[in-house]
Visitor: 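Once you've had a glance at the structure underneath, I'll fire off some questions.
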Amino acid sequence: MKLQGNAYVTLICFTAGLGGFLFGFDTAVISGAINFLRNQFHLSAVMEGWLMSSALLGCVFGAAISGYLADKYGRKKILLLSAILFIVSAAGCAIAITPAFLVIARIVGGIGVGFAAMVAPMFISELSPANLRGRLVSLYQLAITLGILCSYLSNSFLLQYASNAAAGANSFMHYYLVAEVWRGMLGSNMVPALLFFVFLLFVPESPRWLVKMGKTEEAGRILERVNGNGLAQSELFEIEKTISGETGSFRQLLEPGMRIALLIGLALPFLSQLSGITTVMYYAPAIFEKAGLKAGSAMGSASVIGFFNMIFTLVAIWKIDKWGRKPLLIWGFIGLSIALFLIGWAFTRENIAGNVLLSSFIYYIAVFASTLGPGVWVVISEIYPTKIRGRAMSMATLSLFLGSTFVTQTYPILRDSIGVGNVFLLYGLVMLPAAYFVKKYVPETKGKSLEEIEHYWKRDAKLSSVEQE
């Protein structure tokens, strides 16, 4: 019996969401390994920042080219390629013998992250009914948070295992899981990567991409399984009509009306990263150790953060199609500003209790996970025309990873020069103008089909033209 309707869409979105899981796992798993790597390879602050941000360099490259590849070859093929890159990266990290080798392996994984980060939410968006799209695209962010949590838990498990087996016999497993436990941490990503590859073999291509490529019958069959025959035919007609009016050129993004969409896609992801989320996810155990917690308890505290990250993403999934995108983002930036000031204040106080710091981080994660985390991915997956959605969204994803790279690379330098507390105070200041940007420029898109959103930009352009006359 074939799955139909929401059950079929959810299964497809779950599979695509595994790309988000790998995104979260791959980027956060380094947090448990960095202290071991710092000691083993005698890393300077600059080299530490480079090692931490090398995956993000791969993300930048992957995001830069994934749009072109996804528009030309399809969404599914690029997701399969990302799964292969994840597998290669995990194996490379496990056998790395120099920091340079490790950096190369991390860059390869980063390219896979860049592919998955751009293509997976777009793939979900193009397959989802309008009334469920916010919720289903948010599943991608939930998968990221689950990947982050699982990386913390697996790191914590391996750290505990290594501690208990420290006096064990010298063997292959002892080398990877005890003597140099960071190898087991970074190599564990291979398991979910293999599952992602296998699951992808059973999902269909995006119907909107198929229509763009002239494969209307195949697109119709997929839409029928998603929406039923009657609604599928009307949606197929609307997709064909809208795509026929698109140029498929980047110049379309420079047309009146679409320029705002371009601005949103470039600015919103970058601003979200200036909240310091990658700093928290990458450096959580090290931050807690700096606050006075031991390595094991620091990793446990990081796992608590990962758990709340996942729980509050569920809140966003539950409410994003009811509350709307715009209020979610505005209150997210304001709430993050408050949270970052609390964290900064906690670090600047002498002998601050570990529980106070942990509570501040939990509040920060709760705000980010229930607002910006899913909200940014939903908005950038909705606002572009179908013919250039891949290339345009790759620019938005590229902006996000450039923001991540900038924050991750500069954190160790800022930490050593102005102190951890002042770094978070600086992040908090940036969130206030970001909230104003959303209020002024980002439209509300809840409940609208992708074609209706595209028509909105065209109407906005016409109104602007009339006002100028």
Visitor: Any side-chain to backbone donor/acceptor pair from R106 onto F101? Under 3.5 Å, distance only.
Guide: no
Visitor: Do side-chain atoms of W209 reach the backbone of R75 as a donor and acceptor pair under 3.5 angstrom?
Guide: no
Visitor: Between V442 and R325, is any pair of side-chain heavy atoms under 4.5 Å apart?
Guide: no
Visitor: Examine distances only and state if a side-chain atom of Y411 and a backbone atom of G276 form a donor-acceptor pair shorter than 3.5 Å.
Guide: no
Visitor: Is it the case that more than 12 heavy atoms not belonging to F199 sit under 6.0 Å from its CZ atom?
Guide: no
Visitor: Is the shortest side-chain heavy-atom distance between L274 and M431 below 4.5 Å?
Guide: yes
Visitor: Any side-chain heavy atom of L22 sitting closer than 4.5 Å to one from V113?
Guide: no
Visitor: Check the angle between the aromatic planes of F437 and Y441 and answer parallel, tilted or perpendicular using the 30° and 60° thresholds.
Guide: tilted
Visitor: When you measure from the side chain of K76 to the backbone N and O of P204, does any donor-acceptor pair fall under 3.5 Å?
Guide: no
Visitor: Show the nearest heavy-atom pair for residues V367 and G335, with the distance to one decimal.
Guide: CG1-C, 3.8 Å
Visitor: Taking R183 first and then E180, would you say they form a salt bridge - that is, a charged N and a carboxylate O separated by under 4.0 Å?
Guide: yes
Visitor: Y68: which residues meet the ring pair (Phe, Tyr, Trp, His ring centres under 6.0 Å) condition with it, sequence neighbours left out?
Guide: none
Visitor: Does CZ in F14 sit with more than 12 non-hydrogen atoms of other residues, nucleotides or ligands closer than 6.0 Å?
Guide: no
Visitor: More than 12 heavy atoms of other residues, nucleotides or ligands under 6.0 Å from CZ of F406: yes or no?
Guide: no
Visitor: Using the benzene-type ring in the case of Trp, are the ring centres of F368 and F333 under 6.0 Å apart?
Guide: no
Visitor: Quick one, I264 and P443 - any side-chain contact, counting heavy atoms below 4.5 Å?
Guide: yes
Visitor: Would you say that I84 contacts L80 through its side chain, given a criterion of any heavy-atom pair below 4.5 Å between the two side chains?
Guide: no
Visitor: So, the side chain of N155 versus the backbone of V29: is there a donor-acceptor pair under 3.5 Å, distance only?
Guide: yes
Visitor: Hey, mind stepping through F115 and L69 against side chain to side chain contact (heavy atoms under 4.5 Å, CB included) and telling me if it holds?
Guide: CA-CA 9 Å; F115 285 172; L69 296 175; 4.0 Å; yes
Visitor: Looking at every non-hydrogen atom in both residues, tell me the closest pair between F196 and G19 and how far apart they are.
Guide: CE1-N, 3.5 Å
Visitor: Measure from the side-chain N and O atoms of K326 to the backbone N and O of K439, and report whether any donor-acceptor pair falls under 3.5 Å.
Guide: yes
Visitor: Is F25 close to L146 at the side-chain level, that is, under 4.5 Å between some pair of heavy atoms?
Guide: no
Visitor: Does some side-chain heavy atom of I365 sit less than 4.5 Å from a side-chain heavy atom of F361?
Guide: no
Visitor: Under the side-chain hydrogen bond (donor to acceptor under 3.5 Å, both in side chains) definition, can you give me all pairs with a residue in residues 79-105, not counting sequence neighbours?
Guide: none
Visitor: Could you check whether any side-chain N or O of K212 sits under 3.5 Å from a backbone N or O of D71, counting only pairs where one atom can act as donor and the other as acceptor?
Guide: yes
Visitor: Mark yes or no for whether S399, through its side chain, and M395, through its backbone, hold a donor-acceptor pair below 3.5 Å.
Guide: no
Visitor: Does some side-chain heavy atom of L102 sit less than 4.5 Å from a side-chain heavy atom of C93?
Guide: yes
